[in-house]
**Student:** 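Take a look at the following structure, please.
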Amino acid sequence: MKSRAGTQDIPVADLRVGMYVHLDLGWMSHPFALSHFRLTGPEQIETLRGLGLKTVRWNPALSELPAAAAAEAGPVAGAVQAVPGAPVEETAAAGPTPAGAPSSTRAIAPASAAATPPLPAAVAGDAGAEHDALVVCERQFQEAAGELRRVHDDVIDHPERARDGAVALSGALLQKMAGRQELCIRVLGENLGDRHSAHALNVALLSMLMGRAFGWSDEELLNLGVGALMHDIGKLELPERLRHRDEQFTAAEMRYYEEHVARGVARARRMGLPAAALLVIGQHHEMADRSGFPLKIGSDRMTAAARVVALVNRYDRLCNPVRAHLSLTPHEAISLLFAQCQAKFDTSVLGAFVKMMGVYPPGSVVQLTDDRLAIVVSVNSSRPLKPRVQVFRPDAPAGEPALQPLNLEATPGLGIRRSLKPAALPKPALQALAPRQRVAYFFEPVVREATPAEPPEALAA
């Protein structure tokens with residue numbers, strides 16, 4: 001039976017390895033990293049059967065069936081070839097050992113808009129696939145943020161239900177990150193939920209990815225996620241105007257604001273959260289140099305999870321302050337943390353964060369080594385200097401998009417020269433690249449492309 005967008009309904013019992021399936025379920029309702037993917041093994045089919053589904057949608061055009069299975073699936077499927085670059089869930093080497101740090105940055109001057117040569121087919125990304133991947137990640141973020149909002153709503157009146165919800169959400173995120181596959185961190189669009197939930201989810205996602213890079217156990221990652229999701233629950237009892245630190249606070253207001261940590265720990269105890277999550281909530285504003293609050297302890301007395309959350313929390317606040325005009329670009333935030341705040345954060349955690357996010361994190365506006373302007377859309381921490389970008393095409397013919405996806409990992413000799421402030425962009429580039437005022441992140445499996453041999457000097461671009 002014909003379904004939507006070139007897909008067909010098929011009984012779960014008739015699924016075969018190589019079929020590209022679409023799950024019409026919420027992201028939290030199944031264990032797969034994506035809601036659409038190619039079946040790569042019989043265990044995935046068994047998992048689908050275990051979900052109790054009678055039918056799913058599959059797309060013959062994106063499927064890659066052996067000849068015998070294609071014949072069984074029907075003449076339409078048997079006549080279709082696999083589409084290069086279709087998303088596939090892959091397994092690869094485990095995440096990299098955290099290390100590395102950025103060099104200092106120099107002053108940035110406006111870049112001129114260079115002409116855009118045609119991109120080779122092997123290098124240019126598929127604009128449609130890039131858009132679809134972004135839509136999937138945004139939908140997943142919104143679903144997780146909505147679930148977190150319901151958890152926060154339950155904290156005061158239904159603490160045990162809130163605990164169960166927080167543990168379930170952290171467990172779902174952990175399940176999506178599980179396995180040995182590499183993950184890309186992708187920047188999302190604007191208006192992805194309320195500020196409080198978006199901030200807590202941003203902190204949880206990046207913190208759990210950090211813990212994963214460190215090789216922490218599932219239990220450690222689960223408790224890290226719960227603590228990060230709930231790190232600001234003490235603010236639920238504060239007046240709105242005192243929920244976000246402001247340099248204009250009076251001494252009394254600052255003391256009242258800082259009480260949100262103790263209030264959060266008290267709430268977390270009523271919820272019955274694990275001790276490791278309680279310590280994250282209690283220590284997420286402590287600093288390595290003992291300049292934090294409320295206890296002014298140093299990194300030697302902070303838990304590893306709290307040291308991670310303290311850094312990620314600060315990064316997100318730099319990118320997403322209450323006053324939007326004070327926001328830093330992701331590259332500026334990374335540079336500030338590394339250049340001015342090394343004493344305040346655990347050096348191994350800071351180095352690992354730079355390694356994971358890249359010197360030019362997703363959301364950074366950059367100038368490439370061939371002078372073209374671009375925005376970083378995702379980064380694979382195994383090659384942080386070679387992210388995926390959207391390149392501005394100032395001379396794009398009428399009717400063609402002004403942005404072209406480009407995977408720098410598959411582009412020998414081309415890299416990033418420097419980061420740019422949005423204000424330094426020519427107006428047409430600013431309108432096309434549309435840098436985010438609020439930065440939100442999500443993750444997705446890495447899809448490998450054929451990569452030409454890279455000369456060593458290109459890696460330093």
Side-chain angles (χ1 to χ4, degrees), residues 84-85 90 92-93 96 99-127 129-130 133 182-187 329-331 334-335 354-397 400-421 424-426 428-429 432-433 435 444 446-461:
E90 299 185 3
S103 58
S104 58
T105 56
R106 58 188 176 84
I108 296 169
S112 59
T116 306
L119 294 172
V123 172
D126 183 323
E130 184 70 26
E182 294 178 73
L183 298 174
C184 269
I185 301 173
R186 172 179 287 275
V187 68
T329 67
H331 173 76
I334 283 278
S335 298
V354 174
K355 168 70 174 176
M356 183 181 80
M357 298 297 290
V359 178
Y360 305 100
S364 300
V365 177
V366 296
Q367 183 182 42
L368 303 182
T369 51
D370 62 2
D371 289 335
R372 286 181 292 171
L373 306 176
I375 187 167
V376 178
V377 295
S378 67
V379 63
N380 176 5
S381 58
S382 67
R383 300 208 62 195
L385 294 180
K386 291 288 188 175
R388 289 178 178 266
V389 300
Q390 292 267 18
V391 180
F392 173 55
R393 304 172 64 207
D395 57 349
E400 292 190 12
L403 296 181
Q404 172 66 59
L406 177 62
N407 182 5
L408 292 178
E409 187 175 349
T411 316
L414 183 62
I416 294 175
R417 173 172 295 158
R418 57 177 177 168
S419 173
L420 295 173
K421 291 179 178 291
L425 296 173
L433 295 171
E444 60 187 353
V446 172
V447 178
R448 286 290 181 193
E449 298 177 8
T451 305
E454 181 90 36
E457 63 271 13
L459 299 179

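Note that the coordinates shown come from a computational prediction; the quantities given were computed from them, not determined experimentally.
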**Student:** If I compare all heavy atoms of Ala374 with all of Val391, which pair ends up nearest, and what's the gap?
**Tutor:**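 Smallest interatomic distance, heavy atoms only, reads CB-CA, 3.9 Å.
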**Student:** For Ser364, what residues pass the side chain to side chain donor-acceptor pair (under 3.5 Å) criterion, not counting sequence neighbours?
**Tutor:** none
**Student:** Using the ring pair (Phe, Tyr, Trp, His ring centres under 6.0 Å) rule, collect all pairs that involve residues 355-391, keeping only residues at least two apart or in two chains.
**Tutor:**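 Listed by first then second residue: His331-Tyr360.
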**Student:** May I ask you to test the Pro387-Val377 pair for a side-chain heavy-atom distance under 4.5 Å?
**Tutor:** no
**Student:** Is it the case that the side chain of Arg393 and the backbone of Pro401 share a donor-acceptor pair, with hydrogens and angles ignored and the cut-off at 3.5 Å?
**Tutor:**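 Side chain of Arg393 to backbone of Pro401: a pair is present.
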**Student:** Evaluate the side-chain proximity of Leu403 to Leu433: yes if any heavy-atom separation is below 4.5 Å, no if none is.
**Tutor:**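 A side-chain contact under 4.5 Å exists here.
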**Student:** Check whether any side-chain N or O of Lys386 sits under 3.5 Å from a backbone N or O of Leu414 as a donor-acceptor pair, and report yes or no.
**Tutor:**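 At least one qualifying donor-acceptor pair exists.
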**Student:** Contact between Pro405 and Arg388 at the side-chain level, heavy atoms closer than 4.5 Å - yes or no?
**Tutor:**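 No, too far: nothing below the 4.5 Å cut-off.
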**Student:** Which atom pair, heavy atoms only, marks the closest approach of Gly358 to Pro384?
**Tutor:** CA-CB, 3.6 Å
**Student:** Does a side-chain heavy-atom distance below 4.5 Å link Glu444 with Cys184?
**Tutor:** yes
**Student:** Carefully, step by step, assess Val365 and Thr329 under the rule side-chain contact (heavy atoms from CB on, under 4.5 Å).
**Tutor:** CA-CA 8 Å; Val365 177; Thr329 67; over 6 Å; no
**Student:** I want to check something: taking the side chain as every heavy atom from C-beta on, are Val187 and Ile375 in contact at a cut-off of under 4.5 Å?
**Tutor:**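 They are not in side-chain contact.
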**Student:** Give the minimum heavy-atom separation between Arg417 and Leu368, together with the two atoms involved.
**Tutor:**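 Closest approach of Arg417 to Leu368, heavy atoms only: CB-O, 3.9 Å.
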**Student:** If you define the side chain from C-beta out and look only at heavy atoms, does anything of Gln404 sit under 4.5 Å from Glu130?
**Tutor:**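 Heavy-atom side-chain distance check fails, nothing below 4.5 Å.
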**Student:** Determine whether Leu373 and Pro426 make a side-chain contact, defined as any pair of heavy atoms from C-beta on separated by less than 4.5 Å.
**Tutor:**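 Sidechains of Pro426 and Leu373: in contact.
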**Student:** Run Ile416 and Val376 through side-chain contact (heavy atoms from CB on, under 4.5 Å) and show every step you take.
**Tutor:** CA-CA 10 Å; Ile416 294 175; Val376 178; 4.3 Å; yes
